[in-house]
Amino acid sequence: MPIDKIWVLAERADGGPSSTTLELLTQARSMGTTVEAVAWGPATSELAGTLGDYGASTVYDVGDIGDALPGVPVAAAAASLIKSGNAPDVFLIPASFDGRDIAGRLSARLDTPVLTNVVGLAVEGDGVLSQHANFGGMQMATARFTGGRPWLFVVRAKTFAAEPAGSGPAQVQAASVPSDLGVLNTAKVLERHVEERTGPKLDEADIVVAGGRGMGSAEDFAMVEELAKLLNGAVGATRAIVDAGWVPFSYQVGQTGKTVKPALYIACGISGATQHLVGMKDAKSIVAVNKDENAPIFSVSDLGVVGDVHQVLPKLIEALKARG
Amino acid sequence: MNVAVCVKQIPDPAAPGSLDPSTHNLVRQGKLILDDSDSYGVEMALQLAEQAGGGEVTLVSMAPAGETSGLRTALAMGAAKAILVSDDALAGSDALSTAKVLAKAIERAQPDLVLAATESTDGYTGTMPVQLAELLGMPSITFAKKVSISDGAVRVERQTEAGYDDVQCPLPAVVTVTAGVVEPRYPSFKGIMAAKSKPLEQLTVSDLGLTSDVVGATGARQEVTEVTAAADRQAGEKVVDEGDAHENIVRFIEQLKLV
């Protein structure tokens with residue numbers, strides 16, 4: 001049976017569909033003949049124009065879930081649609097906080113497996129081949145489902161490029177949350193906290209300057225921030241720095257954090273653990289400064305400077321300032 | 001306050017594993033160790049039990065060949081006991097099959113709270129704990145960077161794209177913790193000695209009332225068709241800083257015409 005209908009889980013960012021949602025819709029168009037979206041939240045009809053423009057003919061509107069965490073209600077609503085005979089062949093889900101929750105809940109509810117950390121998708125005959133980066137991206141595995149559909153894929157951001165199709169708005173169809181969820185649907189958001197950042201967004205910036213443990217202290221990490229500001233870039237950090245509490249989690253680049261593909265990535269005092277490499281090794285150009293000449297980061301760097309960040313960065317900052 | 005903690009015993013990440021080119025299963029060579037990501041859940045569980053003024057921390061793990069070295073590390077940190085599911089039929093299990101196995105094991109412990117890492121270091125699918133919650137019929141809160149318990153509810157600071165949310169749900173529940181949520185203690189010598197005699201129950205798939213077709217490679221209903229080395233990024237120029245290496249960086253940036 002050929003691949004026909006593809007669903008995309010539509011997440012929001014800044015009031016519209018998230019960039020990953022648009023990437024997945026674009027990819028879905030090349031995989032199947034019918035592309036549909038599943039969305040939740042208030043006023044989903046406002047998303048219908050953009051979702052349609054990127055190829056969705058229908059958007060299933062789970063509706064306003066209030067202060068509930070999305071995992072349970074959205075997965076349950078999608079599972080009801082699927083069980084009522086409206087199943088897609090493939091369901092593409094963004095690899096985000098809520099996306100992973102929804103995928104996990106849906107997988108268990110339907111008793112169907114899920115493939116995660118997808119970094120490539122291709123239809124082959126009546127199957128779908130997915131690509132997965134293992135061990136920091138040093139090894140690529142190709143996988144496929146052997147059981148029944150729908151096939152659930154959780155796809156990493158920036159795996160595909162988003163291109164509008166120029167089609168009309170998607171039709172909005174209501175998809176209700178089952179009323180019998182009971183205790184499952186009791187996780188509630190009490191308050192939302194937004195951590196302000198200045199400058200370009202980490203996952204959209206042309207230049208990312210990131211720091212790791214080699215920066216030594218939170219005070220010296222300020223050099224990374226200053227360099228980023230001079231270059232009009234975004235600040236990134238390794239997991240160790242985030243765990244140490246120097247910067248918020250939203251700065252984290254890597255397996256658990258963000259995937260970035262900037263034109264230039266400057267790694268300061270970063271050794272290049274696999275957890276970090278998987279999030280940045282596809283940058284167009286990589287410059288690394290590290291004391292340890294054997295640091296793995298140098299194996300992916302276009303320019304590697306073996307040196308102390310405390311010596312090199314102040315001079316670099318001065319030189320860039322002098323350049324004006 | 002009884003807490004069950006899912007722990008994974010993995011090959012030492014310092015000696016990275018690989019996928020077997022013929023079976024495509026994860027190759028686990030040498031001794032397995034406690035996944036560093038899980039040490040945070042173990043520490044969190046110990047602290048929550050202490051704060052509640054009592055209760056036990058039970059470790060739940062699935063590993064090949066009766067592997068216990070990682071579990072002993074967590075027992076040495078202070079967990080009371082461990083349940084290990086080990087069975088040849090589990091080879092090739094995916095996240096959902098793993099969740100089915102751990103759910104059955106956790107039901108035996110009847111915990112008030114189940115903790116897990118947001119994802120393992122080696123497989124990092126990041127879906128197992130939520131699948132587990134669904135199978136256990138429990139609510140779940142993922143990506144916790146702070147956890148507290150009061151009045152039969154768990155309250156969590158949950159990471160989001162924009163910052164974090166305060167989220168609450170009643171117990172029993174599944175919570176996944178991020179690295180850095182607490183500082184894991186090092187096992188003391190006394191702890192290491194005590195761990196040797198702590199109860200460690202070893203179970204098979206049939207002990208849990210599961211049939212072997214829902215787990216392992218059959219239950220996974222997916223296959224790895226090919227494993228290749230990723231296209232190597234060519235390492236470029238490498239210079240040793242003699243006091244002027246910053247000039248190389250300036251030239252490099254200028255040549256990209258980004259500034």
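Order of the sequence lines sets the chain letters (A, B, ...), proteins ahead of strands, with each chain counted from 1. Note that the structure is predicted; figures quoted are calculated from it, not measured.
Of the listed residues (L136(B), I141(B), T160(B)), the one with the most heavy-atom contacts under 4.5 Å to chain A is T160(B). Contact count versus chain A (heavy atoms, under 4.5 Å) is highest, among S97(B), P129(B), G219(B), A133(B), for A133(B). Between chain B and the options R144(A), E195(A), K258(A), heavy-atom pairs under 4.5 Å are most frequent for R144(A). Note: A187(A) leads A187(A), G147(A), G245(A) in heavy-atom pairs under 4.5 Å with chain B. Ranked by heavy-atom pairs under 4.5 Å with chain A, the list R155(B), M128(B), M138(B), Q159(B) is led by Q159(B). Contacts with chain B were tallied for S301(A), G307(A), S250(A); S301(A) has the most, counting heavy-atom pairs under 4.5 Å. Interface summary for chain B: among T112(A), L231(A), I317(A), the most heavy-atom pairs under 4.5 angstrom belong to T112(A). Ranked by heavy-atom pairs shorter than 4.5 Å toward chain B, the options R105(A), K188(A), E191(A) are led by R105(A). Ranked by heavy-atom pairs shorter than 4.5 Å toward chain A, the options V239(B), V181(B), V156(B), L132(B) are led by V239(B).
Contact of I207(A) with chain B is made through the side chain alone, with heavy-atom distances under 4.5 Å. Contact annotation for D111(A): both backbone and side-chain heavy atoms come within less than 4.5 Å of a heavy atom of chain B. Heavy atoms closer than 4.5 Å to chain B are found in both the backbone and the side chain of S96(A). Contacts between L181(A) and chain B at a heavy-atom distance below 4.5 Å are absent for every atom of the residue. Looking at N117(A), only its side chain comes within 4.5 Å of chain B, counting heavy atoms on both sides. With a 4.5 Å cut-off on non-hydrogen atoms, K284(A) touches chain B through its backbone but not through its side chain. In this structure, the portion of A220(B) lying under 4.5 Å from any heavy atom of chain A is its backbone and not its side chain. Of the two parts of A153(B), neither the backbone nor the side chain holds a non-hydrogen atom closer than 4.5 Å to a non-hydrogen atom of chain A. With a 4.5 Å cut-off on non-hydrogen atoms, L184(A) touches chain B through its backbone and its side chain both. Looking at V287(A), the atoms closer than 4.5 Å to chain B (heavy atoms on both sides) all sit in the side chain, from C-beta outward. Looking at T176(B), neither its backbone nor its side chain comes within 4.5 Å of chain A, counting heavy atoms on both sides. For chain B, no part of V242(A) is nearby; none of its heavy atoms comes within less than 4.5 Å. With a 4.5 angstrom heavy-atom cutoff, T178(B) does not touch chain A via any of its atoms. Of the atoms belonging to L230(A), not a single heavy atom falls under 4.5 Å from chain B. Using a 4.5 Å cut-off between heavy atoms, E242(B) makes no contact with chain A at all.
To the nearest 0.5 Å, atoms CD (E161(B)) and CG (D98(A)) are separated by 8.0 Å. To the nearest 0.5 Å, atoms CD (E183(B)) and CG (D243(A)) are separated by 9.0 Å. Distance check: T186(A) OG1 to Q168(B) CD gives 10.0 Å after rounding to the nearest 0.5 Å. Rounding to the nearest 0.5 angstrom, the gap separating the CG atom in L69(A) from the CZ atom in F143(B) is 12.0 Å. How far OG1 of T146(A) is from CD of Q222(B): 7.5 Å, rounded to the nearest 0.5 Å.
Using a 4.5 Å heavy-atom cutoff, the side chains of E226(B) and L129(A) are not in contact. Using a 4.5 Å heavy-atom cutoff, the side chains of T116(A) and E119(B) are not in contact. In this structure the side chain of E254(B) reaches within 4.5 angstrom of the side chain of R323(A), judged on heavy atoms. Side-chain contact between Q275(A) and T121(B) is absent, with no heavy-atom pair separated by less than 4.5 Å. A heavy-atom distance below 4.5 Å is not found between the side chains of F97(A) and D165(B). Looking only at side-chain heavy atoms (C-beta outward), L303(A) and I249(B) come within less than 4.5 Å of each other.
Put simply, the side chain of K238(B) gets close to the backbone of E293(A): a donor and an acceptor are under 3.5 Å apart. Under a 3.5 Å cut-off, the side chain of D94(B) and the backbone N or O of P113(A) do not form any donor-acceptor pair. In this structure a side-chain-to-backbone donor-acceptor pair under 3.5 Å is present from T225(B) to T142(A).
Counted within 6.0 Å of CG on D14(A), heavy atoms from surrounding residues, nucleotides or ligands total 12 or fewer; the atom is thus considered open. Counting non-hydrogen atoms of neighbouring residues, nucleotides and ligands closer than 6.0 angstrom, the CG atom of D151(B) reaches no more than 12 such neighbours. Crowding of K229(A) atom NZ: a count of heavy atoms from other residues, nucleotides or ligands under 6.0 Å not exceeding 12. Within a 6.0 Å radius of CD in E124(A), no more than 12 heavy atoms belonging to other residues, nucleotides or ligands are found.
Heavy-atom minimum distance, A245(B) versus V305(A): CB-CG1, 3.5 Å. The two residues V183(A) and G137(B) have their closest heavy-atom pair at CG1-O, 3.7 Å. Heavy-atom minimum distance, V312(A) versus H246(B): O-CB, 3.9 Å. The two residues A235(B) and F298(A) come nearest to each other via the heavy atoms CB-O, 3.5 Å.
K315(A) and D241(B) are not joined by a salt bridge, as no carboxylate oxygen comes within less than 4.0 angstrom of a charged side-chain nitrogen.
Judged purely by distance below 3.5 Å, without hydrogens or angles, the side chains of S107(A) and Q131(B) pair a donor atom with an acceptor atom.
Using a 30° and 60° split on the angle between ring planes, Y164(B) and H193(A) fall in the parallel class, below 30°.
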Would you sort out whether Y124(B) and V278(A) count as a side-chain contact (heavy atoms from CB on, under 4.5 Å), showing the intermediate values?
CA-CA 12 Å; Y124(B) 77 106; V278(A) 76; 4.1 Å; yes
